[in-house]
Amino acid sequence: AYAASVIASNVCGSTFSSIGPIYVSNSTEPNMSVQPQNIACVNELVSVNDLSVAGQNVSSVTCDSTYYMYWAISPNSGFTLTNGTSLGSDNGILQFPSFWTPGTDSLNILFNTPGQYSITLYTANTCGIDSIVQTICITSPVVADFLLPINSGCAPLTISPVNNSPIPQCFLSNFYNWTITPSNPQACLTGGGPAAAPLTSVLQSPSFNFTGPGIYTIQLVVGLNGGPSGSSCANNTLSQIITVQAPPMVSLPVPAPICEGSSFTPASTSNVCYSTAPLSFVWNFNPNNNIPIGSIPTPIGAITQNPGAITYLESGTFPYSLTATNSCGSTTVTQNIIIQESVVVTPGTYTPTCMGSPVQLAGTITGGVITGTWSANVAGGSFSPNANALNAIYTPPATYVGIIILTLTSAIPQVPCPQVSATTPLSFQPQATANAGTFPNGSCMNDVVTLNGQIGGAASSATWTSNSGGVFSDPFSLTSTYTPP
């Protein structure tokens, strides 16, 4: 407390007077702190603390620092108070602090609606009412959100995602990190397999070019540039899948050669390359339309994945093709089948011959090989100059009479054509004999003589002749009559 005195003087004298005690109080100095900062995300806890200087209340009976306070938040919705904290109230009579309902020294606030909020702290003591205002900006949660115009398509494919990520409040800005991650679970290598550009982007609305088939993960990470901390302000990620299709992948393995006149069943492998539609197939076994008519295989085409057995009647190297088609287009592949020339063995046919007589052979071997070897089922004969000569001379055993089977066997041809053998019979007969008979008693001139000839061995017929003329009744009959001249 203070006291004041005054002395008044003039020529007549002096007068003294004083007043006191004089009581001087200090007003409050409102102050607050906001944690973690004046910018926060929705549903992140904001703590506000009363840091006011209480001031002094001085009177004739007391000296204290008691003061009145309450909080006000504008707008008065979009938030909740937690942990038992309260705003307090002036109860509609601001000018009478003693009727206020005090608030708690600190506030724990969860703002559930983005926007700008004013927090006012009112304080009062005997010196009067004072206040301080802090502005807090609440931004919406960080959300990564985008739409794909399509989820699948044929390569090459350009996709421009529609970025619907919300723009933050409070003069904050987002950053965007796009990433493309390719995968190829179907192992489709049409066009070289998965390929995309760019694989990363920091643009808000980029475009991506997919030039190869595959399953691609498009990931967007959204975060705040220098924004507040907290789980709802943390970076947010969204991933979506796009399927890029391509014409089918088809392959034809190299087939093993087959022999002329045989058949083979073509094999193929195919890959739908992410197409959802079934593949269609077209086989062509004369793709260049240049196979001679007599050599065209049967059947000449098919429209099933497995065409069945294909028969080739002529030797040579023949192309064939398979075209597979899906919703993105067609792929055609070609392959060749080698048809080996089959072997034809002709040993020849031969007339019967006399015992011990040599036989001139005339065998032929054509096709895949042109050489071979003779053999006989009876030992003791010989081939000249050797058994490998197709036109060899065969000499049977000296005294052999009967049938000898000769076999002509080809050399071994290229696989898979088989070695071929063919047989021919040779008939060896005894030597022919003839006996005209004898007439020891002779006959009279002009008598008709009855003959009694005999034949044997390999002879089957005989003919009568005379060195002096005359007439035979039947020159081919062994018992013909003979009339001399």
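- No side-chain N or O of T85 forms a donor-acceptor pair with one of N108 less than 3.5 Å apart.
- In this structure, I412 places its CD1 atom where only 12 or fewer heavy-atom neighbours from other residues, nucleotides or ligands lie under 6.0 Å away.
- Residue-environment remark: CG (L203) exceeds the threshold of 12 foreign heavy atoms within 6.0 Å.
- One N or O on the side chain of Q419 and one on the backbone of S410 form a donor-acceptor pair closer than 3.5 Å.
- Side-chain atoms of P185 and I215, non-hydrogen and from C-beta on, do get closer than 4.5 Å to each other.
- The aromatic rings of F111 and Y117 lie tilted to each other, with the angle between the two planes from 30° to 60°.
- For the residue pair T269 / S251, a side-chain donor-acceptor distance below 3.5 Å is found, with atom types taken as modelled.
- The closest side-chain heavy-atom distance from N326 to Y274 is not below 4.5 Å.
- Side-chain contact between Q335 and V254 is present, with at least one heavy-atom pair separated by less than 4.5 Å.
- The 12-atom threshold is not exceeded at CD1 of I370, counting heavy atoms of other residues, nucleotides or ligands nearer than 6.0 Å.
- Separation of the F264 and Y320 ring centroids falls under the 6.0 Å cut-off.
- Aromatic ring pairs are classed by plane angle as parallel below 30°, tilted from 30° to 60° and perpendicular above 60°; the pair F210 and F208 is tilted.
- In this structure a side-chain-to-backbone donor-acceptor pair under 3.5 Å is present from E44 to S231.
- When only modelled atom types and interatomic distance are considered, S327 and S275 share a side-chain donor-acceptor pair under 3.5 Å.
- Other residues, nucleotides and ligands contribute at most 12 non-hydrogen atoms within 6.0 Å of the CD atom of Q414.
- Proximity of I310 to P299: side-chain heavy atoms (C-beta onward) are separated by under 4.5 Å at one or more points.
- Ring geometry, F383 versus W374: the interplanar angle falls under 30°, so the pair is classed parallel (tilted spans 30 to 60°).
- One side chain, T481 or S473, offers a donor N or O that lies under 3.5 Å from an acceptor on the other.
- Disulfide criterion (SG-SG under 2.5 Å) for C328 and C273: not met.
- For CZ of F439, the number of neighbouring non-hydrogen atoms (other residues, nucleotides, ligands) closer than 6.0 Å is greater than 12.
- Side-chain contact between P141 and C41 is absent, with no heavy atoms from C-beta onward closer than 4.5 Å.
- F472 has its side chain within reach of S466: a pair of non-hydrogen atoms, C-beta onward, lies under 4.5 Å apart.
- Residues S165 and D145 bring no donor and acceptor atom of their side chains to less than 3.5 Å of each other.
- Proximity of T423 to P347: side-chain heavy atoms (C-beta onward) are nowhere separated by under 4.5 Å.
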